Amino acid sequence: MGLMHKGVNYDVGLNFTPGSLSREVWNTAFMEHEISVIRHQLHCNAINIYGSDADRLLASAAFALSQGLHVWLQPRLVDGTIDATIALVSEVAQRAEVLRRRFGHLTLIVGGEFSLTSAGMVPGASLDERVINLTSSFTDMEGLNHNLNAMLQHTLVATRAVFKGAVTYASGSWEAVDWHDFDIVAVNLYRDAANHASYRDELRQRQQWGKPLVITEFGCCAYQGADQAGSMGFDV
């Protein structure tokens, strides 16, 4: 079977710095131009819209749906507490249900890589610190996955209460997610020098759940040798 959904990720701004978004200037006309390019020049049939601002997320989703794209909508909160993260996801889910009823073709992603983006599962006061600790000294993967799945269950319950479409979670490749209550298995899986030979096997292992499988992040940066670095290619 060929790929059903072929698309790109679209960032509407993340709160890497408290009180501000990574996309500082927001222009509706420019957003509509970019999404039109994704649909009509890149010939995508899907788009993964992510960010920390509910209004930007929903405005982008509405326009993308009007262009015939299947929208995967992903609220993300960097360094958020469990309560703050669930509050954002719940708000987006409730408003997204209105769009889903109107257009269809909308899948909700309740978050991505909570073990890094949320505080408390991996030591570190910031996302950067948690990435460093996870890839160097962290060993309590059992505890991490226990806390992760507990958070996912709370998030899923809140989401199901207001959103009636398909729901998934953009997992990190190191996270052992319990997918029983999700509709789709999803993973951020970058191919690099370390997993070049095992990439297909890593994907196939996730088919054990008997559910549709989506790669929510992949690719590399645009310089020579970046394909060997995968998700760490930004750190030139």
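Predicted model only: the values in this text are computed from it and were never measured. Side chains included, hydrogens not; waters and symmetry mates left out as well; all remaining heavy atoms used. This chain uses plain numbering: 1 for the first residue, then up along the sequence.
A search for salt bridge (Lys or Arg N to Asp or Glu O under 4.0 Å) contacts involving Glu91 returns Arg95, not counting sequence neighbours. Residues satisfying the ring-ring contact (aromatic ring centres under 6.0 Å, His included) test with Tyr10, not counting sequence neighbours, are none. Scored by the side chain to side chain donor-acceptor pair (under 3.5 Å) test, Gln67 finds His40 as partners (sequence neighbours excluded). Taking Trp209 as the reference, nothing meets the side chain to side chain donor-acceptor pair (under 3.5 Å) condition, with sequence neighbours excluded. Every side chain to side chain donor-acceptor pair (under 3.5 Å) that Asn9 has, sequence neighbours left out, goes to Asn48.
More than 12 heavy-atom neighbours from other residues, nucleotides or ligands sit within 6.0 angstrom of CZ on Arg206. Shown here is Lys164, whose NZ atom has more than 12 heavy atoms of other residues, nucleotides or ligands within 6.0 Å. For His5, the NE2 atom is densely surrounded, since the number of other residues' heavy atoms within 6.0 Å is greater than 12.
Annotation: side chain of Phe138 is not in contact with side chain of Trp174 (no heavy-atom distance under 4.5 Å). At a threshold of 4.5 Å between non-hydrogen side-chain atoms, the residues Glu202 and Leu189 count as touching. The shortest side-chain heavy-atom distance between Leu134 and Leu116 falls under the 4.5 Å cut-off. Considering only heavy atoms from C-beta on, Tyr50 stays 4.5 Å or farther from Val12 through its side chain.
Note on Leu144 and Ile132: separate hydrophobic clusters, where clusters join Ile, Leu, Val, Met, Phe, Trp and Tyr whose side-chain heavy atoms are under 4.5 Å apart, directly or indirectly. The hydrophobic cluster containing Val162 does not contain Leu57, counting ILVMFWY residues as joined when their side-chain heavy atoms lie under 4.5 angstrom apart, directly or transitively. Cluster annotation: Phe63 is not connected to Val98 through the hydrophobic network of ILVMFWY side chains, with a link wherever side-chain heavy atoms come within less than 4.5 Å. Hydrophobic clustering (side-chain heavy atoms under 4.5 Å, transitive across Ile, Leu, Val, Met, Phe, Trp, Tyr) keeps Val157 apart from Val92.
Here the shortest heavy-atom pairing between Ser231 and Tyr190 reads CB-CD1, 3.4 Å. Contact record, Thr159 with Ala93: CG2-CB, 4.0 Å, taken as the closest heavy-atom pair. Residues Ala176 and Asn145 approach most closely at N-OD1, 2.8 Å, considering heavy atoms. Nearest heavy-atom pair, Leu69 versus Cys44, reported as atom, atom and distance to 0.1 Å: CD2-O, 3.4 Å. Contact between Thr117 and Gly112 at its shortest, heavy atoms only, is OG1-O, 3.3 Å. Here the shortest heavy-atom pairing between Tyr169 and Ser115 reads OH-N, 4.4 Å.
Evaluation of the salt bridge (charged side-chain N to carboxylate O under 4.0 Å, His left out) test over residues 15-38, restricted to residues two or more places apart or in two chains, returns Arg23-Glu34. Every pair passing salt bridge (charged side-chain N to carboxylate O under 4.0 Å, His left out) that includes a residue from residues 59-86 is listed here, sequence neighbours excluded: Arg76-Glu217, Asp79-Arg130. The salt bridge (charged side-chain N to carboxylate O under 4.0 Å, His left out) contacts involving residues 166-190 comprise Arg160-Asp183, where partners must be two or more places apart or lie in separate chains. Within the structure, salt bridge (charged side-chain N to carboxylate O under 4.0 Å, His left out) pairs that include any residue of residues 59-72 do not occur (at least two apart or interchain).
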Inset, instruction - Any chance you could lay out the side chain to side chain contact (heavy atoms under 4.5 Å, CB included) test for Phe114 and Asn147, step after step, and finish with the verdict? - result: CA-CA 10 Å; Phe114 278 164; Asn147 293 332; over 6 Å; no

Inset, instruction - Apply the test side chain to side chain contact (heavy atoms under 4.5 Å, CB included) to residues Val185 and Lys211: give CA-CA distance (whole Å), side-chain angles for both, the deciding distance (0.1 Å), then the verdict. - result: CA-CA 6 Å; Val185 175; Lys211 299 185 177 188; 4.2 Å; yes

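Expressed to the nearest 0.5 Å, how far CG of Leu21 lies from CH2 of Trp26 amounts to 10.0 Å. Atom SG of Cys221 and atom CE of Met232 lie 10.5 Å apart (nearest 0.5 Å). A distance of 12.0 Å separates CG in Asn45 from CG in Leu42, rounded to the nearest 0.5 Å. Note that OG of Ser60 is 7.5 Å distant from CD1 of Ile47, once rounded to the nearest 0.5 Å. To the nearest 0.5 Å, the span separating CG on Leu77 from CG on Asp53 amounts to 11.0 Å. The structure places CG of Leu148 at 9.0 Å from CE of Met141, a figure rounded to the nearest 0.5 Å.
Within the 3.5 Å criterion, the main-chain N or O of Thr17 finds no donor-acceptor partner in the side chain of Asn15. Under a 3.5 Å cut-off, the side chain of Ser118 and the backbone N or O of Thr81 do not form any donor-acceptor pair. Between the Ser126 side chain and the Glu129 main chain, a donor and an acceptor come within less than 3.5 Å of each other. Between the side chain of Ser198 and the backbone N or O of Asp201 there is no donor-acceptor pair closer than 3.5 Å. For Gln208 (side chain) and Gln205 (main-chain N/O), a donor-acceptor pair under 3.5 Å exists by modelled atom type.
In this structure, Phe30 shares a hydrophobic cluster with no other residue, the cluster being traced through Ile, Leu, Val, Met, Phe, Trp and Tyr side chains under 4.5 angstrom apart. Other residues sharing a hydrophobic cluster with Ile109 under the 4.5 Å side-chain heavy-atom criterion for ILVMFWY residues are Trp72, Ile184, Val214.
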Side-chain donor/acceptor pairs under 3.5 Å, residues 99-108, sequence neighbours excluded:
| from | atom 1 | to | atom 2 | distance (Å) |
| --- | --- | --- | --- | --- |
| Arg100 | NE | Glu97 | OE1 | 2.8 |
| Arg100 | NH2 | Glu97 | OE2 | 2.8 |
| Arg101 | NE | Glu97 | OE2 | 3.0 |
| Thr107 | OG1 | His70 | NE2 | 2.9 |

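Of the N and O atoms on the side chains of Trp179 and Ser171, not one donor lies less than 3.5 Å from an acceptor on the other residue.
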